[in-house]
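One structure is given here, and the rest of the page talks about it.
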Amino acid sequence: MADLSVDLGFLKLKNPVIAASGTFGYGLEFQPLYDLNLLGGFVVKGLYFGPREGNPPPRLAETPCGLINSIGLQGIGVEAFCREVLPPLASLKTALIANICGEDEDEYARVAEYLSQYKGLAALELNISCPNVREGGKCPAQGTEATYRTVKRVRQASSLPLITKLSPNVTDIISIALAAEEAGSQAISLVNTFLALAIDLETRKPKLGHVLGGLSGPAIKPLALRMVFEASRKIKIPVIGLGGIFSAQDALEFMVAGASAVEVGTANFVNPYACPEIIKGMENWADQNGIKRINEIVGTLRV
Amino acid sequence: MADLSVDLGFLKLKNPVIAASGTFGYGLEFQPLYDLNLLGGFVVKGLYFGPREGNPPPRLAETPCGLINSIGLQGIGVEAFCREVLPPLASLKTALIANICGEDEDEYARVAEYLSQYKGLAALELNISCPNVREGGKCPAQGTEATYRTVKRVRQASSLPLITKLSPNVTDIISIALAAEEAGSQAISLVNTFLALAIDLETRKPKLGHVLGGLSGPAIKPLALRMVFEASRKIKIPVIGLGGIFSAQDALEFMVAGASAVEVGTANFVNPYACPEIIKGMENWADQNGIKRINEIVGTLRV
Amino acid sequence: MLLDRKARITKTENWGSYFLISLATPDIARQSQPGQFLMIKVSSSLQPLLRRPLSIHNRSGQEIEIFFQVTGEGTRLLGQKSPGDLLDILGPCGHGFSLKPEFKGKEIFCIGGGRGLAPVYFLARELQTGGARPIIFYGGQTLSDLPLKSRLEEAGWTTNFSTDDGSFGFRGLVTQLVEKELKGRKPAFLFGCGPEAMMARLAEICQAARLPAEFSLESNMGCGLGVCWGCARKIRKDGKTGYLRICQDGPVFPAEEIIWDRD
Amino acid sequence: MLLDRKARITKTENWGSYFLISLATPDIARQSQPGQFLMIKVSSSLQPLLRRPLSIHNRSGQEIEIFFQVTGEGTRLLGQKSPGDLLDILGPCGHGFSLKPEFKGKEIFCIGGGRGLAPVYFLARELQTGGARPIIFYGGQTLSDLPLKSRLEEAGWTTNFSTDDGSFGFRGLVTQLVEKELKGRKPAFLFGCGPEAMMARLAEICQAARLPAEFSLESNMGCGLGVCWGCARKIRKDGKTGYLRICQDGPVFPAEEIIWDRD
Ligand SMILES: Cc1cc2nc3c(=O)[nH]c(=O)nc-3n(C[C@H](O)[C@H](O)[C@H](O)COP(=O)(O)OP(=O)(O)OC[C@H]3O[C@@H](n4cnc5c(N)ncnc54)[C@H](O)[C@@H]3O)c2cc1C
Ligand SMILES: Cc1cc2nc3c(=O)[nH]c(=O)nc-3n(C[C@H](O)[C@H](O)[C@H](O)COP(=O)(O)OP(=O)(O)OC[C@H]3O[C@@H](n4cnc5c(N)ncnc54)[C@H](O)[C@@H]3O)c2cc1C
Ligand SMILES: Cc1cc2nc3c(=O)[nH]c(=O)nc-3n(C[C@H](O)[C@H](O)[C@H](O)COP(=O)(O)O)c2cc1C
Ligand SMILES: Cc1cc2nc3c(=O)[nH]c(=O)nc-3n(C[C@H](O)[C@H](O)[C@H](O)COP(=O)(O)O)c2cc1C
Ligand code: FES
Ligand code: FES
């Protein structure tokens, strides 16, 4: 049986499949469905320092092979998270990753600092790429300087390994990835969602209460795959790839493009067993193709 | 019956539906199927000065609700175009638009200049946004300065009205649209295709001979719609919207978002009668909704 | 406990845009409560992407039924299924109507507007089983919007019909019919499901009549599992308002907690 | 003239992954030539997006037939259609095989590898109508890849079968079988359709034997109408090589014009 484990340097995963932030709740919700220890890891919903109300509904709109969301990071905040959610999760034998948010660099640092006092987190995923909180969908990950500054600041505030989650809404993903690397991020994850609009022709109103939202799902897969390919060839730190992964084949394509691990997002909604099924499918594929260790295929695209 | 005509200032269209460049050949191919005079207009395949071989196959890959192409602007060049194609088209009673390309600003200007000597063209569409010709998918429309310079240069080389076609592969579509406007473009069209990658897992090779290609079709509609919305609110010249328009409803959504006219691309492949059917559908919708003139709906999104 | 099952379609019925489908799925049937719903995969391809939420319309033995109206691509595809086909379903989801022991012997108003009748049938059956007396109200725009008319009549419950155009039953809105009936009867509770405007008006009527009520709300759903927070709506709970998940904290809420969407 | 039609399925047959479907479409049938193909919409939704190109397998009266193998989502969906369903088809597309008057009375080799048999059946019938004598070669990996075996036998043509594993007919590649037969026969022409490697090898064999030949090429297609240039392949024509459109300038090309894709 193929060895699915992957080593990100700062973190060993038993397999490359991580459930993506915002699509897996706080993890607890999936516990009745399957053993979370099957996962390479999972990222919890984005956390601000305090609780957050989120955006006005409607918050979801379906588009061809895609989903636009504008949840706006509704959440309980770090204190409640560490008090109520972390204890039951801390004993899991899978990589537990916190997705951290902030209104400004200060808040990012405070969230990182606060979480670092607790045991049980394998890494922080720095969410500088959510299109649903600032005016017009802007986010720090759209600029090299803001990326560099935020990463640097969080790097100094916490000793936990840092994965910086990048935005696809940029002209040049490579320069942003380099900025994150230079500022000390141990990995990058890409992509977050694409800024999008859906319109209800009958009412002539946006389908979402927040007007704009972020597009995820199979529709964006070819765009995400391209960015993972571009970034992974130019930076030395590992890339965690995501965007429209719905099957083992999708996940393997991201690894061939250059991802050392993958995250699965929207697929969890359509099939709550998506993650374990993808893991199983990768194992079968590796066995059928005589792949002994799955990390052999990372970045092997023949161009 | 509703009045579907729209006035772009420099050009009156009998209806807002234009067949998009690269998806309508030189127009002649559709003549056996329907009367081209039904169209608001059509844009012919991208033209370089000389003939061009295009990219190595495979040139197409399907993705969820999308199509990636890397044709690479195979074409006959302006001379052959003006000699062989233009004469039979020049007598049509619909707006004939040439899509112009160049390896550098000089070539763009030469193409524009050459075409301006001939009668029959209603406008030029300046294609500074093709992801399939330069290394890594780069194009002038990814920078404000290159956009400004190219538009300015072509503006000086030709007296034909100029529509600048923008790339969606940018961080800030507004600044690029403003640069095109400032440089004297009479309209912008957006979007061209999104830079994308598809992988054949079995061979671990890119599905396209050119490695990267441009994503079009319904998958990109919500992204294109967002960009049309953003740009049209910040510039004064009209916006021609496109990206995944497959139905009258799609076309109307673009107009509500802010497009004064629309282009229909990939849909022509799936349904060669897409354009006339969309026109008919818009007319029916307008009649059913008591819209007297279709241009009343432009930019009426209730935000 | 949420179950993930491939349920075989045993029967389909169809009236215009309305469909009634029976599914063999013993363990989901066993657990179902009125007001709970299923998340149903309507396509074997990636389009449409998401599952569709549909109420449990009835349970009979090993089977459950769904009743829906075609309103878009997802329900259109669902309507094309035939007996023998397998449906990918997840359920039962959410929290249903509160069936209280004190309803015993009492009249309970059960209002369904259009496709909103879906959960009302199961509700009425369970109320009856618990010894309560369901009084059904079934409203639609016109007679063809009341495809389950005879089904309700056969069940033997007191049923009041309304159509906007008067083609069957009371002429007018179902809310007007309820108001009228309330002059003569004093039910112990009111349950409602249907268009937002109908439910909002019913909530006003109940408040005026000091009649406790619960309504089943709708919202666009991503997961139905409580993980995406996409279905959230403003709810007033314990004096505080905030966004709660329709799929998990509902879909049924007490009238006084609901902040109606007047749009 | 390209026609856009909704054709009713009159019959379907199926062997494992292979399907044969009959379509009632009189005017497309009337115009069809062997080697031409249809662009078929396989889904009523947006996924899969593009039409699929399939050769015209046969014409009989008002009907045409298609023969295909399931190789992905599009052909899988197509295989699920039933008699009575309407298929959105566009055709006849492209330029077919060259049926020359001088073939009369001559032996013509017609080679189909796997699903590549599709156009060969129609071709052989038209050759026969024109007075030529088609000699068929039908190869596959194993017996189950030769579902049209009895159909060919019934047609009464000389037919040679091969399977890689020897489960039926000649054991080995169909190209080896053709080579072997060429020792005894001197056909006037060879037509081939099948996997690229098979056709490339046949082209070598033909060149060595100075046997003129045509092959039907495949390529991913966007439009099938000649407008997207997505199907282009390198073709050597009049001494120059350049990208030509398989859908419009082909799909059938003379052996000497084809630059094989050795991958
Ligand atoms: C808890 C719950 C129970 C329901 N029970 C029933 C039922 O028993 N019978 C019935 O006919 N309908 C029911 N509905 C409504 C039903 O889910 C929608 O009609 C259906 O999802 C529309 O899908 P579509 O693809 O046909 O239409 P679409 O084209 O997707 O949309 C048509 C309309 O449905 C709305 N809609 C789209 N997606 C969703 C979604 N995921 N959730 C809710 N609304 C959506 C859209 O806003 C739009 O107005 C229920 C909804 C909820 C939330
Ligand atoms: C002119 C022509 C005639 C053909 N005639 C027949 C026939 O009679 N019977 C038959 O079984 N097959 C025929 N084919 C092949 C058939 O078109 C493909 O098998 C089919 O398009 C695959 O679609 P899919 O969705 O099932 O598979 P996909 O999952 O889309 O792809 C499976 C494989 O098919 C290839 N493919 C995908 N899209 C296309 C496309 N648009 N054009 C060509 N190849 C594609 C892919 O590269 C991939 O290798 C023909 C192809 C051409 C070009
Ligand atoms: C409903 C929803 C909520 C999300 N919330 C978060 C979040 O809190 N933090 C974050 O970094 N990304 C969030 N994302 C983005 C996903 O983690 C992921 O980057 C994106 O959806 C693309 O992957 P997918 O196509 O597999 O879903 C969210 C996505 C969705 C659909
Ligand atoms: C096969 C193909 C060829 C194209 N060629 C051109 C071109 O020559 N010039 C150009 O400006 N755009 C070209 N485009 C882009 C389209 O005009 C259009 O901008 C894009 O496809 C998005 O619209 P759609 O989703 O409606 O197809 C091409 C697109 C496709 C699919
Ligand atoms: S639908 Fe996802 S939380 Fe309710
Ligand atoms: S498939 Fe479009 S030109 Fe051949």
Side-chain angles (χ1 to χ4, degrees), chain B residues 19 22-30 32-34 42 44-46 51-75 198 200 203 205 207-209 213 216-219 221 244 246-247 250 265-274 277, chain D residues 1-6 31 39-53 71-75 77 88-93 196 217-235 240-250 258-261 263:
Chain B
T23 67
F24 209 68
Y26 295 116
L28 299 169
E29 297 88 337
F30 281 84
L33 298 178
Y34 59 83
F42 64 90
V44 298
K45 264 175 80 58
R52 218 180 140 90
E53 193 179 38
N55 288 327
R59 290 175 170 188
L60 297 175
E62 239 182 295
T63 66
C65 291
L67 170 65
I68 313 181
N69 88 81
S70 61
I71 312 299
L73 294 164
Q74 175 165 2
D200 182 334
T203 60
K205 293 207 305 188
K207 285 194 178 172
L208 299 180
S216 65
K221 191 188 106 180
F246 268 59
S247 67
D250 294 336
T266 306
N268 292 304
F269 302 163
V270 180
N271 175 9
Y273 299 89
E277 287 178 11
Chain D
M1 233 315 265
L2 202 65
L3 301 168
D4 177 36
R5 291 291 180 269
K6 291 212 180 295
Q31 292 192 24
M39 290 297 286
I40 304 187
K41 209 159 164 2
V42 292
S43 155
S44 64
S45 90
L46 294 168
Q47 170 64 16
L49 192 63
L50 298 175
R51 289 170 184 257
R52 295 293 186 262
T71 53
E73 190 181 0
T75 45
L77 290 170
D88 217 337
I89 63 178
L90 209 63
C93 302
E196 185 89 0
L217 299 185
E218 282 194 13
S219 175
N220 290 358
M221 290 198 176
C223 65
L225 308 167
V227 299
C228 75
W229 290 80
C231 61
R233 283 184 54 161
K234 266 229 162 115
I235 297 289
K240 286 190 309 197
T241 71
Y243 291 121
L244 292 190
R245 294 161 303 177
I246 297 301
C247 73
Q248 184 75 17
D249 305 310
I258 301 169
I259 297 171
W260 297 102
D261 181 13
D263 222 346

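Since this is a predicted model, take the numbers as computed values, not measurements. The basis for the numbers below is simple: all heavy atoms, side chains too, and nothing from hydrogens, waters or symmetry mates. Letters A, B, ... are given to chains in the order of the sequence lines, protein chains preceding strands, and every chain is numbered from 1.
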(message) Less than 4.0 angstrom from a charged side-chain N to a carboxylate O is my criterion; do D/Arg233 and D/Asp261 meet it?
(response) no
(request) Among the options B/Lys45, B/Lys207, B/Glu53, B/Arg59, pick out the one with the most heavy-atom pairs lying under 4.5 Å from chain D. (result) B/Arg59
Region of [X] that comes under 4.5 Å of a non-hydrogen atom in chain D:
| X | result |
| --- | --- |
| B/Phe246 | side chain |
| B/Leu28 | neither |
| B/Thr63 | backbone |

Counting only N and O atoms by type, is there a donor-acceptor contact under 3.5 Å from the side chain of [X] to the main-chain atoms of [Y]?
| X | Y | result |
| --- | --- | --- |
| B/Asn268 | B/Gly265 | yes |
| B/Gln74 | D/Tyr243 | yes |
| B/Glu29 | D/Leu225 | no |

(message) So D/Cys228 and B/Leu60, do their side chains get closer than 4.5 Å, heavy atoms only?
(response) yes
(message) So for D/Leu90, is it side chain, backbone, both, or neither that comes closer than 4.5 Å to the heavy atoms of chain B?
(response) side chain
(request) Sort D/Met221 into side chain, backbone, both or neither according to what part of it lies under 4.5 angstrom from a heavy atom of chain B. (result) backbone
